[in-house]
Each structure stands twice: as C-alpha cells, then as structure tokens.
Peer 1: 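Submitted below is the structure of interest, expressed as structure tokens.
Both ligands and their constituent atoms are indexed starting at 1 by order of listing. If you read the sequence from its start, that first residue is 1, and numbering goes on from there. Keep in mind it's a predicted model, so treat the numbers as computed, not measured.
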Amino acid sequence: MNKYADELRKTAKAMVAPGKGILAMDESNGTCNKRLASVGAEQTEEKRRQYRELIITTPELGDSISGAILYDETIRQSTADGQLFREALQQKGMIPGIKVDTGAKDLAGHPNEKVTEGLDGLRDRIAEYYQMGARFAKWRAVITIGDGIPSRACIEANAHALARYAALCQEGGLVPIVEPEVMMDGDHTIERCYEVTSETLRTVFDQLATQGVEFDQMILKPNMVLPGKGCSQQASVDQVADMTMRCLMNNVPAAVTGVAFLSGGQDEQSASAHLNAMNVKYGDMIPWEVTFSYARAIQGPALDNWQGKQSNVEKSQALLAHRAKCNSAAHKGEYSPEMEKQPAMV
Ligand code: 5MM
C-alpha cells in the first residue's frame with residue numbers, strides 16, 4: 001500500500017472540486033518567450049517572472065482555480081515582494097503543481113511523430129518538488145494526425161512513458177496529470193479525431209494498468225474530440241460534447257477522479273461552451289468530474305492586453321479572472337454566452 005494513497009486521493013478530489021479547474025501556466029521558457037514575443041514583450045527571465053506574478057496575484061483567482069501547473073523556473077521564483085510563487089498560491093487556497101516532462105522529441109524512425117522525454121532522474125526530481133510543496137505533476141504526450149499517422153509505435157511509446165511517469169509520481173506523493181494530446185492541427189474530420197483519441201486512451205489506460213497506477217489517484221487531461229483546424233466541416237457545440245463524452249465513456253475507467261480538458265488552440269469562448277455542454281448534457285451520467293486545465297483559453301486575453309507593461313496589469317488580471325469564472329461556471333453547467341457580455345470588472 002502506497003503511504004501517500006489517502007493524500008493522493010484527497011489532492012485529486014480537490015483539484016477537480018465542483019466549480020474548480022486547473023490553470024496551466026507551465027510553458028517552458030521557449031514557449032513562454034514565443035508568447036511574450038507575440039505581444040511585443042521582452043523575452044527575459046525577469047519578464048517571464050513578471051508575467052507569472054500577474055497571473056498568480058490575480059485577486060479571487062482561488063475561487064475558480066484549484067491549482068496551477070508551474071514550470072521548473074517558475075516554482076523557484078518569487079513575487080516582487082519576495083514571496084515564493086508556490087507560497088503565494090497556497091496562501092490563496094491553490095495547490096502548486098509542476099510539469100516534469102522535458103518535452104516532446106522526434107521519435108526515431110517515425111517522421112513527423114514525437115515522443116515525450118523526461119523519465120531519467122525523475123524519481124529524484126519528484127522528491128525535490130514534493131519538498132517544495134508541489135502536490136501534483138503533469139506530463140504531456142503529443143499525438144499528431146496526418147497521412148499514415150499516428151503509428152502504433154508513437155501511441156505505444158508515449159503511453160508507456162506516461163504510465164511510468166504516473167507510477168513514479170504516485171510513489172513520490174504527487175498526483176499525476178496524464179495528458180495525451182491528440183492535436184487539432186490538420187484537416188482531419190471529427191470522426192478521425194474520435195478514432196485516434198479512442199485508440200490513444202485505450203492504449204494509455206492499458207499501460208497505466210500494467211504499471212500499477214491507481215486510477216482514483218490521478219487526473220486525465222485529454223483533448224476534446226474536434227475536427228482538425230483545417231477541416232472544411234467544422235462541428236457544432238453539441239456534436240463536440242456528444243462525441244467527446246461518448247469517446248471518454250467508452251475508454252476511461254470509472255475510478256478515475258477527474259477529467260480536466262486541455263484547450264488545444266480552441267478560442268476561449270468555444271472552450272467554455274464545449275465544457276459547459278458536456279456538463280449540462282452528461283453531468284448526471286458520468287462517473288468523473290469534468291473540468292478544465294486550460295493554458296491558452298484562460299491566459300489569452302490577459303496576455304494580449306498586458307503587452308509587458310506594468311500599467312496594464314490590473315486590466316489583465318480582470319480579464320484572467322473573467323475567463324477563470326466562465327470556465328468555473330462551465331464546470332457546473334452554468335455558463336452562458338451572456339456571461340461574455342459582462343465586461344471584466346477592473
Ligand atoms: C502551457 O503549455 C503546455 C506546454 O508547454 P511547452 O510546450 O512549452 O512544454 C501544455 O502542456 C499545456 O499545459 C496544455 O497543452 C494545455 O494547454 P492549452 O493551451 O492547450 O489549453
């Protein structure tokens with residue numbers, strides 16, 4: 001019996017508590033710099049720190065957000081007043097989490113496919129993050145749909161790595177967020193996304209079981225079932241909700257504590273509307289909490305408004321709090337497009 005089992009169950013439940021979701025702010029330095037460049041902000045460690053301070057110190061964020069996924073640089077950083085970010089989160093009732101993968105790398109012998117790395121030395125890194133106060137972790141696998149892909153090799157290699165990561169996390173007291181992301185890039189249909197997502201989830205849960213991962217001590221972070229961005233036939237909100245829920249009901253064990261979706265490049269309002277429809281239509285028949293773990297679909301408006309300027313911080317925080325509130329409502333099935341008409345309060 002794992003000595004952390006009770007703690008893991010409690011943390012997993014808190015991460016997906018009704019009306020709460022997880023904020024992904026674990027962009028690696030390269031990705032964060034790209035985001036900063038897109039709004040004309042400098043790409044330095046200090047700017048990344050300022051941006052993360054803006055997010056973490058947003059008033060009332062803890063009303064909608066249960067925990068935040070940090071990056072290694074961020075978990076060691078502090079506010080301008082000298083409070084460690086991880087302590088600032090805890091003070092506001094949010095659980096600090098940490099991305100522990102080291103990124104998606106080319107899969108040998110399989111052009112255009114990736115495998116996520118980071119297992120070497122992971123046990124020691126988990127022990128250090130637990131000491132720092134992290135109570136959950138994240139690992140993201142990338143599955144691309146294209147001509148003749150994904151291959152079984154790609155799905156199996158990623159599922160195996162996800163399962164070994166998850167087992168190490170539970171051994172070390174961190175709730176694993178298991179994120180197999182089937183990408184929206186491409187012109188594939190929603191039916192093709194359904195097929196690939198089903199095969200991926202089946203393989204991932206098979207590997208998780210093989211490695212002895214406890215399903216009631218983990219969170220699944222999947223993609224929604226969507227047509228590719230370039231597909232001429234886009235889908236309605238109901239179609240996305242129906243196909244995503246059917247896919248998950250057929251492939252995700254009932255014991256899993258929660259499902260926290262990634263946004264994957266959807267616009268902010270669609271990400272809220274899709275999550276809401278799933279909870280409205282299926283809330284009574286699904287065994288897990290269904291919530292959000294968005295990065296772009298929560299941070300987008302705040303980042304665009306900030307532009308790296310101190311004078312824009314207050315408005316950006318209001319925009320961030322507004323998106324968090326919309327998604328909190330969507331978790332409860334209480335979101336409506338009317339909410340978008342209420343201006344973010346500064
Ligand atoms: C924050 O972005 C994460 C990936 O960062 P790197 O590529 O820099 O490692 C990503 O895993 C994110 O947590 C999830 O994909 C959810 O993000 P979106 O924007 O899809 O909601």
Peer 1: I'd like to check Val196 versus Met183 (side-chain heavy atoms, cut-off strictly below 4.5 Å). Are they in contact?
Peer 2: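 No, every pair of side-chain atoms sits at 4.5 Å or beyond.
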
Peer 1: Before signing off on this row, confirm whether Glu27 and ligand 1 have an N or O atom pair separated by under 3.5 Å.
Peer 2: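 No; every N/O pair is 3.5 Å or more apart.
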
Peer 1: Should you measure from each heavy atom of Glu181, which atoms of ligand 1 turn up under 4.0 Å away?
Peer 2: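 Every atom of ligand 1 under 4.0 Å from some heavy atom of Glu181: 15 (O).
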
Peer 1: In the protein, which heavy atom is nearest to atom 20 (O) of ligand 1, and how far is it?
Peer 2: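 For atom 20 (O) of ligand 1, the nearest protein heavy atom comes out as Gly264 N, 2.7 Å.
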
Peer 1: Checking side chain to side chain donor-acceptor pair (under 3.5 Å) for the pair Asn327/Ser272: CA distance, chi angles, key distance, verdict?
Peer 2: CA-CA 5 Å; Asn327 290 310; Ser272 299; 2.8 Å; yes

Peer 1: Does a side-chain N-to-carboxylate-O contact under 4.0 Å join Arg152 and Glu199?
Peer 2: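 Answer for the salt bridge query: yes.
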
Peer 1: Provide, to 0.1 Å, the distance between atom 5 (O) of ligand 1 and the closest protein heavy atom, together with that atom's residue and name.
Peer 2: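 For atom 5 (O) of ligand 1, the nearest protein heavy atom comes out as Lys99 NZ, 3.4 Å.
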
Peer 1: Could you tell me whether Arg52 sits above the aromatic face of Phe85, with NZ or CZ closer than 6.0 angstrom to the six-membered ring centre and within 45 degrees of the axis?
Peer 2: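 Cation-pi check for Arg52 and Phe85: fails.
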
Peer 1: Indicate yes or no: at least one non-hydrogen side-chain atom of Gln317 is less than 4.5 angstrom from one of Val313.
Peer 2: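 The answer is yes, as the side chains (C-beta and beyond) meet within the 4.5 Å cut-off.
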
Peer 1: Looking only at non-hydrogen atoms, which of Asn223, Ile177, Asp26, Ile22 approaches atom 1 (C) of ligand 1 most closely?
Peer 2: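 That would be Asp26.
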
Peer 1: Specify the protein heavy atom at minimum distance from atom 16 (C) of ligand 1: its residue, its atom name, and the distance to 0.1 Å.
Peer 2: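 Atom 16 (C) of ligand 1 sits closest to the protein heavy atom Lys221 NZ, 3.5 Å.
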
Peer 1: For atom 18 (P) of ligand 1, what's the nearest protein heavy atom and its distance?
Peer 2: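 In this structure, atom 18 (P) of ligand 1 has Ser263 OG, 3.3 Å as its nearest protein heavy atom.
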
Peer 1: Which ligand 1 atoms, with their elements, are less than 4.0 angstrom from a heavy-atom of Tyr294?
Peer 2: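 Every atom of ligand 1 under 4.0 Å from some heavy atom of Tyr294: 21 (O).
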
Peer 1: Between Met25 and ligand 1, which part of the residue brings a heavy atom under 4.0 Å of the ligand: side chain, backbone, both or neither?
Peer 2: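 No part of Met25 is near ligand 1 at this cut-off.
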
Peer 1: Report the C-alpha separation of Trp288 and Val252 in whole Å, then their side-chain angles, then the decisive distance to 0.1 Å, and conclude whether the side-chain contact (heavy atoms from CB on, under 4.5 Å) test is met.
Peer 2: CA-CA 9 Å; Trp288 351 265; Val252 179; 3.6 Å; yes

Peer 1: Among all protein non-hydrogen atoms, which one is nearest to atom 11 (O) of ligand 1, and what is the separation to 0.1 Å?
Peer 2: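 Looking at atom 11 (O) of ligand 1, the protein heavy atom closest to it is Lys138 NZ, 2.3 Å.
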
Peer 1: Heavy-atom contacts with Ser28 under 4.0 Å: which atoms of ligand 1 show up? List them by number with element.
Peer 2: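 Answer, ordered by atom number: 6 (P), 8 (O), 9 (O).
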
Peer 1: Would you say ligand 1 has an N or O under 3.5 Å from any N or O of Gly265?
Peer 2: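 No, Gly265 has no N/O under 3.5 Å of an N/O on ligand 1.
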
Peer 1: Between Ala24 and ligand 1, find which residue part has any heavy-atom pair under 4.0 Å and reply side chain, backbone, both or neither.
Peer 2: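 For Ala24, only side-chain atoms sit under 4.0 Å from ligand 1.
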
Peer 1: Tell me which protein heavy atom sits closest to atom 17 (O) of ligand 1, plus the residue, atom name and distance to 0.1 Å.
Peer 2: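 Its nearest protein heavy-atom neighbour is Ala295 CB, 3.3 Å.
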
Peer 1: Test side-chain contact (heavy atoms from CB on, under 4.5 Å) on Ser293 and Lys221 and set out the steps.
Peer 2: CA-CA 7 Å; Ser293 175; Lys221 177 165 171 169; 2.9 Å; yes

Peer 1: Is the closest heavy-atom distance from Gln299 to ligand 1 below 4.0 Å?
Peer 2: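 The answer is no, since Gln299 has no heavy atom less than 4.0 Å from ligand 1.
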
Peer 1: Hey, are the side chains of Leu226 and His274 touching, using non-hydrogen atoms and a 4.5 Å cut-off?
Peer 2: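 Yes, at least one pair of side-chain atoms sits under 4.5 Å.
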
Peer 1: Check the pair Arg202, Asn250 against side chain to side chain donor-acceptor pair (under 3.5 Å), reporting the backbone distance first and the verdict last.
Peer 2: CA-CA 9 Å; Arg202 267 201 304 278; Asn250 282 326; over 6 Å; no

Peer 1: Are the side chains of Tyr282 and Asp242 in contact, using a 4.5 Å heavy-atom criterion?
Peer 2: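 Yes, side chains in contact.
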
Peer 1: Do Phe205 and Val256 come close enough that some side-chain heavy atom pair is under 4.5 Å?
Peer 2: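 Yes. Closest side-chain heavy atoms under 4.5 Å.
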
Peer 1: Give me the residue, atom name and distance of the protein heavy atom closest to atom 7 (O) of ligand 1.
Peer 2: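 Ranking protein heavy atoms by distance from atom 7 (O) of ligand 1, first comes Thr31 OG1, 3.5 Å.
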
Peer 1: Closest non-hydrogen protein atom to atom 15 (O) of ligand 1, residue and atom name please, with distance?
Peer 2: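 Of the protein heavy atoms, Glu179 OE2, 2.9 Å lies nearest.
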
